[in-house]
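From a predicted model like this one, the values you see are computed outputs, not experimental measurements. Reminder, nothing fancy here: chain letters follow the sequence lines and each chain counts from 1.
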Amino acid sequence: DTAVSQTPKYLVTQMGNDKSIKCEQNLGHDTMYWYKQDSKKFLKIMFSYNNKELIINETVPNRFSPKSPDKAHLNLHINSLELGDSAVYFCASSQDPARVGAEQYFGPGTRLTVT
Amino acid sequence: KNEVEQSPQNLTAQEGEFITINCSYSVGISALHWLQQHPGGGIVSLFMLSSGKKKHGRLIATINIQEKHSSLHITASHPRDSAVYICAVRVANFGNEKLTFGTGTRLTIIP
């Protein structure tokens with residue numbers, strides 16, 4: 001049973017298009033995250049949702065919009081894709097991060113290539 | 001300067017060697033994570049610690065809160081340990097907490 005799943009695993013698209021990446025977790029966690037890993041393999045948080053509510057929104061262009069229809073899902077929609085959006089996007093989940101022992105579980109990643 | 005610094009950036013060792021990867025941070029934290037990213041890209045959480053030491057099999061993680069420093073040790077290293085090891089610290093962010101990541105240490109174990 002996959003704990004945190006993402007679809008698609010690979011996404012190749014042209015500049016200007018709109019695309020979505022889906023994430024689902026079956027761990028019963030309250031909190032979900034989106035991270036971006038750039039070409040230098042540096043990970044950075046983009047968004048965090050707790051019980052469907054946005055709690056962290058880093059300096060990310062407005063073209064990126066997360067949507068959480070329920071606690072188990074956090075989707076990432078990207079409008080007007082740009083070359084610089086090419087990266088690997090990781091979804092993760094955890095119990096309430098304020099709780100001691102709240103480890104994060106990562107999805108397999110989605111490699112987005114914008115041409 | 002990144003809030004989380006790792007050293008070395010790259011490490012190549014022979015199978016069986018004792019490995020140490022270091023992580024230093026400059027902010028107050030509530031916890032520190034060690035993550036492993038395999039060549040295939042998947043990320044696995046190895047440890048989360050806020051004090052002292054933890055051990056899982058051949059892996060040992062220590063943290064010194066006063067010195068703002070953590071180490072990840074691998075005993076009897078094996079080629080399957082080859083991966084990127086990432087240190088991440090949990091910092092408060094306007095009442096919420098977020099992970100800030102180091103740049104990773106690429107470990108290669110040669111048979």
Measuring from A:Ser48:OG to A:Leu54:CG, what's the distance to the nearest 0.5 Å?
8.0 Å
Pairs of heavy atoms under 4.5 Å with chain A: top-ranked of B:Leu99, B:Thr100, B:Val84:
B:Leu99
Side chain / backbone / both / neither for B:Leu35 at chain A, heavy atoms under 4.5 Å:
side chain
Please report the shortest heavy-atom distance between B:Thr20 and B:Leu11, naming the atom on each side.
O-CD2, 4.1 Å
Contacting region of A:Tyr35 [heavy-atom separation from chain B under 4.5 Å]:
side chain
Chi angles and distances behind the side-chain contact (heavy atoms from CB on, under 4.5 Å) call for A:Leu81, A:Met15:
CA-CA 5 Å; A:Leu81 279 155; A:Met15 282 175 56; 6.0 Å; no
Please tell me if the side chains of A:Leu43 and B:Ile86 come closer than 4.5 Å, counting only heavy atoms from C-beta onward.
yes
